[in-house]
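Please read the structure below before turning to the comments.
Just the heavy atoms: all of them, side chains too, but no hydrogens, waters or symmetry mates, feed the values below.
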Amino acid sequence: MTPVSDPSSFSSLSKCATKHLNLIYHVDFDRHVLKGKVALTVEVLEDKFSSLTLDSKDLKIFKVSANGQAAQFALGTKHKFKGSPLEITLPFELSRGQHVIVEIEYETSPSATALQWLTPKQTAGKKHPYLFSQCQATHCRTMVPCQDTPSVKHTYYAQVSVPRELVALMSALRDGQEPDPSDSSRVIYRFRQPVSMPSYLIAIVVGALESREIGPRSRVWSEKECVDEAAFEFSETETMLKTAESLAGPYVWGQYDVLVLPPSFPYGGMENPCLTFVTPTVLAGDRSLAGVIAHEISHSWTGNLVTNRTWEHFWLNEGHTVYIERMIARCMESEQLRQFKGIGGWKELQESVKQFGANNVLTNLVPNLHEVDTDEAFSLVPYEKGFALLYHLEELMGGPEVFMGFVKSYIQLFAYGSVTTEEWKNYLFTYFKDKVDILNKVDWNGWMHTPGMPPVKPQYDTTMADACTALCQRWVKAKEEYLASFTEADVKKLNSPQLIEFMALLLQEEPLPLSHVKKMQEVYQLNSVKNAEVRFRWLRICVKAHWEEAVPLALKMATEQGRMKFTLPPLHIK
């Protein structure tokens, strides 16, 4: 295993490794804090071990003990984005192979970046407050003092005290509930996560939640206002899980639940184990945004089971996940759809590279993150540049079945661990040992360590894309007298991904005349489409054409949800 150093963490990675966390939380909605106690079971990796450093950020530390004995502690100088190292001195010395239980009593800050506290007004039900967390990439340290690095994986247990009218869920298996013995107005929920996972996958949500069963190992959770709509939208979850298992191996996490969050959730989805978080913008009413769930399901193997060693190798999580997500589309729909998604992904990569600048080192597949805030580095690049590399290798190695065989074998080999690009590449050469001469011709430096677009553009089947291009060009070239030739049938022939692509192509053209846009609304009725991806593009087409009637609709979309993809420039993708 490569020696561990993580530029995004202060914790002592070569000295010790956390094996288990035991969390106790009291959720305080009045003060917007979690009052907590965490017991870390730490394995010692060196002799004469007597001190360790954990990551923390904006935490109030009250007390630290080691195996029940008081331990001295100090918070180091606060770094501009990494937080403050928590230096702990043990009252004894330990040898390599021994374990110590370090217990810390603490409280989070109301401004903890992992936690979002919503007022009742910001929820669908308008009656109760709501809390959710988002720890990826380096925010777990604002809710738990820990080794906040994907190179360390551990199991966890938790108990969470909340007001009794609310429900708590975590990225773990539900393990029962009981009245809080110290306060009759509260209830304690228990959780256990028996599969080792990195800190960034610890997640909590507390709200007025209900659930519906959507499969033998799946429930969907949300506020009651949208739980039935969500159950309809995610009814194919079990089929997707089985398809993913046929591709990547057994699903090891037991439960696969989906939580639909309030509209302010900033991402499309987050692959928290046992409980995928998704934005309500995926509730399109037509099951068209199954890609979001396919992506998060795929993370159960690439990301959660096999994890990037540091955030510099984030493409290993996301490139492989996009690859498996598109293989699921291939199995459940068609190879043409997978090809079409590849074309769309390449376009989005071009846009992302343009936004960053083609010479920006953050567009490297493997960037250097020394003194770089991981939030600033987050982009589409690891997703789509990563996918493009894997697709290029698939073409060189013998096609989708052959290359998926490698991906499955890679998952089996590195399961429950973390991995670097070098280890991945070494295994690629081992697995395809009879094709090393072909692999040696790949421009690895161009793919991995060079900014901008990849050195090779994959050749995708354009059948589905051609229909979108043809309709786009009809509108662009149409003179006023030809507008009557457009009918509702034009878009009835397109599926949801094609409709999105048609809109995306129009956005790349000069703004359409206002008469064209009004006619488009008249024949296609786009103002009534619920699909957020379509609406997002359609409203931009209207605004570019200076259609004043569209401005209130655009403002409504911009303010009724907080998904970064629809509120920021197109760098962020989740």
Side-chain angles (χ1 to χ4, degrees), residues 4-13 18 32-34 36 38 52-61 73-88 104 106-117 132-152 198-204 264-267 270 272 303 307-315 317-318 352 355-357 360-364 366-383 418 451 562 564-565 567-569 571-574:
V4 177
S5 81
D6 183 339
S8 307
S9 171
F10 285 121
S11 57
S12 331
L13 304 181
T18 307
H32 286 187
V33 298
L34 299 178
V38 63
L52 71 153
T53 305
L54 298 176
D55 288 300
S56 81
K57 189 176 181 184
D58 303 328
L59 297 175
K60 252 189 220 164
I61 309 290
F73 67 92
L75 283 169
T77 310
K78 187 173 178 178
H79 182 274
K80 60 180 183 287
F81 54 80
K82 285 200 277 191
S84 312
L86 173 58
E87 317 275 1
I88 298 169
I104 303 163
Y106 69 98
E107 187 176 281
T108 63
S109 158
S111 60
T113 50
L115 303 172
Q116 190 159 345
W117 303 86
F132 69 83
S133 67
Q134 171 60 34
C135 286
Q136 194 180 39
T138 56
H139 298 287
C140 188
R141 63 195 69 179
T142 70
M143 60 183 262
V144 193
C146 61
Q147 290 183 296
D148 195 10
T149 167
S151 63
V152 172
S199 58
Y200 75 87
L201 293 175
I202 294 174
I204 185 170
S264 57
F265 184 58
Y267 294 105
M270 179 62 209
N272 299 311
T307 308
N308 45 231
R309 179 81 42 85
T310 72
W311 296 110
E312 295 172 313
H313 303 282
F314 186 46
W315 84 272
N317 279 19
E318 296 301 347
S352 206
Q355 289 280 336
F356 266 118
N360 190 322
V361 290
L362 291 180
T363 64
N364 287 12
V366 186
N368 179 347
L369 295 184
H370 183 72
E371 287 302 314
V372 175
D373 183 345
T374 50
D375 284 350
E376 299 295 318
F378 231 64
S379 82
L380 249 170
V381 171
Y383 296 72
S418 58
M564 287 197 296
K565 186 175 187 179
T567 51
L568 288 179
L571 290 178
H572 301 275
I573 179 63
K574 289 291 275 189

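Here OG1 of T108 is found 5.5 Å from CG of L115. Values are rounded to the nearest 0.5 Å. A distance of 9.0 Å separates OG of S56 from CZ of F10, quoted to the nearest 0.5 Å. A distance of 6.0 Å separates CE of M270 from OH of Y200, quoted to the nearest 0.5 Å. Considering CG of L369 and OG1 of T374, their distance stands at 7.5 Å, rounded to 0.5 Å. In this structure, I104 CD1 and L59 CG are separated by 9.0 Å, a value rounded to the nearest 0.5 Å.
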* Would you sort out whether S109 and D58 count as a side-chain hydrogen bond (donor to acceptor under 3.5 Å, both in side chains), showing the intermediate values? => CA-CA 6 Å; S109 158; D58 303 328; 5.3 Å; no
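Two residues are said to be in side-chain contact when any heavy atoms from C-beta on lie closer than 4.5 Å; V372 and L362 meet this criterion.
When all heavy atoms are compared, the tightest approach of S199 to C135 is O-CB, 4.4 Å.
Looking only at distances, a side-chain donor or acceptor of Q147 sits under 3.5 Å from a matching main-chain atom of T18. Although no hydrogens or angles enter the test, the distance criterion places no donor-acceptor pair under 3.5 Å between the side chain of R309 and the main chain of S151. The main-chain N or O of A114 is found under 3.5 Å from a side-chain atom of T142 such that the two form a donor-acceptor pair. The closest donor-acceptor contact from the side chain of D6 to the backbone of T149 lies at 3.5 Å or more, if one exists at all. Judged by distance alone, the side chain of Y106 and the main-chain N or O of M143 form a donor-acceptor pair under 3.5 Å. Formation of a donor-acceptor pair under 3.5 Å by the D148 side chain with backbone atoms of R141 is found in this model. Without hydrogens or angle criteria, K57 side chain to F81 main chain gives a donor-acceptor distance under 3.5 Å.
Taking the six-membered ring where tryptophan is involved, the planes of F314 and Y383 are perpendicular, since the angle between them exceeds 60° and thus also 30°.
Annotation: side chain to side chain donor-acceptor pair (under 3.5 Å) contacts of S133 (sequence neighbours excluded): none.
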